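The structure appears below as structure tokens.
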Amino acid sequence: MSTYDVAIIGSGPGGYVAAIRCAQLGMKTAIIEKYDTLGGTCLNVGCIPSKALLDSSHHYHDAISHFEEHGIEIAGDIKANLKKMIDRKQSVVDTNTSGIKYLMDKNKITVYHGLGSFKDATHITIKKSDGKSESIEAKNTIIATGSKPSTLPFIKLDKKRVITSTEALSLKEVPKHLIVIGGGVIGLELGQVYRRLGAEVSVIEYMDRIIPTMDASLSKELQKVLKKQGIKFYTKHKVTAVKAGAKEVTITADDKKGNPVEFKGDYCLVSVGRRPYTEGLNLDKAGVKVNDRGQIDVNDHLQTNVSNIYAIGDVIKGAMLAHKAEEEGVFVAEVLAGQKPHIDYNLIPGVVYTWPEVAAVGKTEEQLKEAGVDYKSGQFAMRALGRSRASGDIDGFVKILADAKTDEVLGVHMCGARVADLISEAVVAMEFRASAEDIARISHAHPTYAEAVKEAALDATDKRALHS
Ligand code: FAD
Ligand code: NAD
């Protein structure tokens with residue numbers, strides 16, 4: 001039987017990054033993945049394929065809606081070829097997943113393909129697709145088994161008409177009417193993809209606003225812009241039934257006043273969150289406990305109740321984000337090596353890759369109000385930037401929240417072109433506990449979208465934005 005210093009179950013961004021860091025720190029490392037490709041949800045059916053389709057559909061949308069204003073005339077029809085887009089998406093995925101295989105080989109990490117399950121706290125059985133099994137011994141194990149789409153108790157996901165994000169990333173036709181249940185990240189990103197390709201898109205959201213965990217100003221701005229792009233929103237609607245026929249779906253919901261309303265479409269995307277995935281792990285054989293939300297319980301060292309077993313990523317508490325899982329992978333590897341790493345969960349940024357993009361870090365205004373923090377706010381509209389006017393991307397703003405007395409930046413909230421990249425400046429500033437004035441005094445290249453960050457900081461400092 002092969003023995004390892006550390007075995008990692010699951011090869012998503014949590015697992016494969018943990019494996020690399022363990023190997024870098026000199027540990028004999030194995031990684032176990034039940035699917036044939038490495039990379040987990042993120043690379044196979046999550047971050048990467050969704051961004052590939054967002055990019056392709058964005059190009060198409062620009063071609064049919066914005067090229068003319070830029071003086072580009074196209075003779076003849078512009079057509080979107082969905083099959084080609086999906087094929088391209090798949091080749092992007094394949095390049096990325098084979099990149100992870102290369103990284104495993106480079107770092108001398110042993111890869112096992114098969115379902116990993118505990119025999120006891122130090123032995124794992126790997127059931128391969130050909131029915132054979134193999135067991136390994138591991139001094140320490142990191143569980144990184146991720147998450148799966150959740151649904152509502154009364155919804156049957158037939159994966160043909162009533163689908164999850166996984167099927168939505170590989171549709172064979174553009175829906176005529178896509179009904180999205182859940183106005184969170186997945187619903188809006190994939191809703192926008194199909195809206196751009198010509199689908200009618202209706203988003204039914206239970207809460208009173210879309211992306212309800214983000215700052216309310218971002219919900220408002222994004223909903224306004226997406227509405228202009230033709231997406232229909234039904235907030236404060238409670239879905240009560242979903243019925244699928246061969247070619248049609250009917251969704252019933254209670255509207256804001258409690259009256260029943262009916263939606264008919266050809267596809268229904270259920271995007272109401274994801275649930276931690278622990279099936280098949282045989283956690284009880286190792287004695288590992290889960291909480292009432294199905295998450296593996298961990299302490300501040302990401303250690304489970306069994307001292308040599310750790311857990312990271314979507315399968316534990318916290319934001320279900322690839323970069324959060326990666327930080328935790330590095331964290332556990334360094335804990336195992338006897339180091340004292342640290343993660344500031346308040347500074348894990350969140351991004352929605354619609355266009356305009358939405359990005360945020362730190363506290364929202366709602367959280368600061370609830371905590372009774374005395375704060376001030378500075379805001380700058382993207383439309384006032386030369387860069388935005390040059391590109392035509394004028395929607396959105398940057399908002400900086402800072403402590404009223406100390407001026408320390410407490411939260412940064414952005415909507416606009418390329419804010420997914422701009423948010424890094426805010427994360428760096430907050431990691432170094434910058435004040436709004438610190439950001440305001442830094443030179444920002446002109447013309448860039450980043451100037452909105454400086455201007456919002458000037459506004460937060462003492463209402464002295466230069467260009468508004
Ligand atoms: P996962 O990536 O889920 O990987 C877990 C792996 O474990 C899987 O490969 C699974 O097959 C394997 N596994 C499970 N059980 C076993 C077992 N018993 N034995 C062997 N292997 C097992 N996050 C972002 O930060 N940015 C984005 O843009 C983004 N976009 C997304 C878009 C979509 C459509 C979706 C669905 C998610 C998106 N996410 C995004 C979320 C992101 O994908 C997850 O947060 C991230 O993948 C979690 O990483 P993980 O390593 O914890 O688990
Ligand atoms: P989410 O939590 O972002 O959004 C779910 C939405 O569904 C929420 O707005 C919620 O209020 C709503 N909802 C819940 N129950 C409902 C009901 N009964 N009826 C109507 N609406 C209901 O979840 P998601 O969009 O499914 O994404 C899952 C996870 O994947 C998220 O945690 C997210 O972090 C991650 N993800 C991240 C990205 C990114 O970083 N860009 C992209 C996609 C997914």
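All values reported here derive from a predicted model rather than from experimental measurement. In listed order, ligands and their atoms are each counted from 1.
Atoms of ligand 1 lying under 4.0 Å from at least one heavy atom of Lys51, given by number and element, are 27 (C), 28 (O), 29 (C), 30 (N). The distance from ligand 1 to the heavy atoms of Ile9 drops below 4.0 Å at these ligand atoms: 17 (C), 19 (N), 20 (C). The contact set between ligand 1 and Ser50, taken as ligand atoms under 4.0 Å from a residue heavy atom, comprises 32 (C). Of all the atoms in ligand 1, the ones that sit under 4.0 Å from a non-hydrogen atom of Ile32 are 20 (C), 21 (N). Heavy-atom contacts of Cys42 reach the following atoms of ligand 1: 2 (O), 43 (O), 47 (O) (cutoff under 4.0 Å). Interface atoms of ligand 2 facing Ile204, defined by a heavy-atom separation under 4.0 Å, are 20 (C), 21 (N). Interface atoms of ligand 1 facing Tyr353, defined by a heavy-atom separation under 4.0 Å, are 28 (O). Ligand 1 places these atoms under 4.0 Å from at least one heavy atom of Leu281: 18 (N). Near Gly40, with a cut-off below 4.0 Å to any heavy atom, the atoms of ligand 1 are 2 (O), 4 (O), 8 (C), 9 (O).
With Ser271, Gly182, Pro349 as candidates, the residue nearest to atom 5 (C) of ligand 2 on a non-hydrogen basis is Ser271. For atom 8 (C) of ligand 2, the nearest non-hydrogen atom from the set Met214, Arg275, Glu205, Lys324 comes from Glu205. Here atom 17 (C) of ligand 2 lies nearest to Tyr206 when heavy atoms of Tyr206, Tyr353, Phe154 are compared.
One side chain, Tyr267 or Glu173, offers a donor N or O that lies under 3.5 Å from an acceptor on the other. A donor-acceptor pair shorter than 3.5 Å cannot be found between the side chains of Ser150 and Arg275. No donor-acceptor contact under 3.5 angstrom links the side chains of Ser56 and Lys89, judged on distance only. The closest side-chain donor-acceptor pair between Asp215 and Thr364, if any, does not fall under 3.5 angstrom. Of the N and O atoms on the side chains of Lys28 and Thr110, not one donor lies less than 3.5 Å from an acceptor on the other residue. Side-chain contact annotation: Ser129 with His113, donor-acceptor N/O pair under 3.5 Å absent.
Some N or O of Ala322 is nearer than 3.5 Å to an N or O of ligand 1, by distance alone. Annotation: Val185 places an N or O atom under 3.5 Å from an N or O atom of ligand 2; distance criterion only. When only interatomic distances are considered, the shortest N/O to N/O separation between Arg274 and ligand 2 does not fall below 3.5 Å. No N or O atom of Glu279 sits closer than 3.5 Å to an N or O atom of ligand 1. Annotation: Met207 places no N or O atom under 3.5 Å from an N or O atom of ligand 2; distance criterion only. When only interatomic distances are considered, the shortest N/O to N/O separation between Gly313 and ligand 1 does not fall below 3.5 Å. Distances between N or O atoms of Lys34 and those of ligand 1 include at least one value under 3.5 Å. At least one N or O atom of Val351 sits closer than 3.5 Å to an N or O atom of ligand 2. Between Thr41 and ligand 1, at least one pair of N/O atoms sits closer than 3.5 Å.
Contact annotation: for Thr213 versus ligand 2, there are no heavy atoms closer than 4.0 Å. When non-hydrogen atoms are compared, ligand 2 lies under 4.0 Å from the side chain of Leu152 (C-beta onward) but not from its backbone.
Residue contact annotation: Gly280 has no non-hydrogen atom under 4.0 Å from ligand 1. In this structure, Arg274 is part of the shell of residues with a heavy atom less than 4.0 angstrom from ligand 1. A heavy-atom separation below 4.0 Å is found between Gly273 and ligand 2. Residue contact annotation: Asn44 has no non-hydrogen atom under 4.0 Å from ligand 1.
Among protein heavy atoms, the minimum distance from atom 53 (O) of ligand 1 is reached at Gly146 CA, 3.2 Å. Nearest protein neighbour of atom 44 (C) of ligand 2, counting heavy atoms only, is Ile186 CG1, 3.3 Å. Among protein heavy atoms, atom 41 (C) of ligand 1 sits closest to Met320 O, 3.6 Å. The protein atom (non-hydrogen) at minimum distance from atom 16 (C) of ligand 1 is Thr145 CG2, 3.6 Å. Cys47 N, 3.4 Å is the protein heavy atom nearest to atom 31 (C) of ligand 1. Atom 8 (C) of ligand 1 has Glu33 OE1, 3.4 Å as its closest protein atom, hydrogens excluded (heavy atom only).
For Phe263 and Tyr234, the ring centers sit closer than 6.0 Å to each other.
Cation-pi geometry between Arg418 and Tyr449 is not met at under 6.0 angstrom from the ring centre and within 45 degrees of the axis.
Every residue was checked against the side chain to side chain donor-acceptor pair (under 3.5 Å) condition with Lys340, not counting sequence neighbours, and none meets it.
Residues Lys101 and Asp105 are paired through a salt bridge, judged by an N-O separation under 4.0 Å between the basic side chain and the carboxylate.
In this structure, the separation between NZ on Lys224 and NZ on Lys220 is 8.0 Å, given to the nearest 0.5 Å. The line from CD of Glu200 to CZ of Arg195 is 8.0 Å long, rounded to the nearest 0.5 Å.
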Next item on the list: Before giving the answer on side chain to side chain donor-acceptor pair (under 3.5 Å), spell out for Trp355 and Asp393 the whole-Å C-alpha distance, their side-chain angles and the decisive distance to 0.1 Å.
Entry: CA-CA 9 Å; Trp355 197 266; Asp393 293 298; 2.9 Å; yes
